[in-house]
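Whatever order the structure lists ligands and atoms in, that order sets their numbers, starting from 1. Quantities reported herein were computed from a predicted structural model and do not represent experimental measurements.
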Amino acid sequence: MNSICIYCGSSAGTDPAFLEEAVRAGTLIAQQGLTLVYGGGRVGLMGAVADAALAAGGRVVGVMPADLVAQEIAHTGLTDLHVVNSMHERKWRMAELSDGFLCLPGGPGTFEEIFEQWTWALLGFHAKPCGFVNVNGYYNLLRQTIQQMADKGFSTPPYVDMLIYAKDTAEALDRFRAYQPPPPKWNRTPVEQRY
Ligand code: AMP
């Protein structure tokens, strides 16, 4: 694993533990020699992860659509900022550049991003790990909702169980390294890296 994509809030949230974990995450990613790939913003937890990784000497790559850059919410001190044309292109580029997808607490943007990568993973479009840093139980209800998908017949255990829930970023990164993907849904031929 050379790079990790962090999805997280463009706000800091109300619990100070969220910001603390974001700083720890950025620092650890840099210390482990991983490239941080993220949405490129300077606000909220996103900005905190990037700042911490840069402060620890890490490499940080942001990917942002041109209209968000124009609104001046882009981080200006990154190792590299990819300016793309659309949100779809952005998510594709972030996915392409990353070896795993990890959520810190966040809002709708964070949920949308990880659900997309989970879906691509279970269809076998990639074999990269997806998971959550469950700071103070922030993702407990989501985990229950996802379990309900299996209980009510809209998913099955391998695809529910492939998601990693970790107490902190250190545990998440260890488990990402040990990750084994499930067989792809629909009996497609073995996972082929599509991007
Ligand atoms: P949210 O969780 O709704 O705050 O959205 C944060 C997630 O969506 C991040 O992981 C980003 O990739 C993306 N995102 C949302 N808003 C922004 C923004 N202002 N700047 C950069 N990325 C953003």
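Remark: minimum distance from atom 20 (N) of ligand 1 to any protein heavy atom is reached at M64 CE, 3.3 Å. Looking from atom 23 (C) of ligand 1 to the surrounding protein, the closest heavy atom is R90 NH2, 3.5 Å. From the protein, the heavy atom lying nearest to atom 17 (C) of ligand 1 is S10 CB, 4.0 Å. G109 CA, 3.4 Å is the protein heavy atom nearest to atom 5 (O) of ligand 1. In this structure, the protein non-hydrogen atom closest to atom 6 (C) of ligand 1 is C8 O, 3.1 Å. Ranking the protein heavy atoms by distance from atom 11 (C) of ligand 1 puts E113 OE2, 3.4 Å first.
Note on ring orientation: taking the six-membered ring where Trp is involved, the planes of F111 and F115 are parallel (angle under 30°, cut-offs 30° and 60°).
Residue R90 comes nearest to M64 through the heavy atom pair NE-CA, 4.1 Å, listed as atom of the first residue, atom of the second, then distance. Listed here is the closest heavy atom pair of A48 and L19: CB-CD1, 3.5 Å. Closest of all the heavy-atom pairs between L68 and I73 is O-CG1, 3.4 Å. The two atoms that bring P105 and Y139 nearest to each other are CA-OH, 3.6 Å, heavy atoms only.
Contacts with ligand 1 closer than 4.0 Å are made by no heavy atom of A74, backbone or side chain. Proximity of I73 to ligand 1, defined as any heavy-atom pair under 4.0 Å, is confined to the side chain (atoms from C-beta onward).
Residue-to-ligand polar distances keep G40 apart from ligand 1: every N/O pair is separated by 3.5 Å or more.
Side-chain contact annotation: Q148 with R143, donor-acceptor N/O pair under 3.5 Å absent. Side-chain N/O atoms of Q147 and D151 include a donor and acceptor closer than 3.5 Å.
Annotation for ligand 1: atoms under 4.0 Å from non-hydrogen atoms of G39 are 12 (O), 21 (C), 22 (N). Of all atoms in ligand 1, numbered sequentially from 1 with element shown, those under 4.0 Å from a heavy atom of G9 are 2 (O), 4 (O). For ligand 1 and G106, the ligand atoms under 4.0 Å from any heavy atom of the residue are 2 (O).
Of the candidates E112, E96, E113, K91 forms a side chain to side chain donor-acceptor pair (under 3.5 Å) with just one, namely E112.
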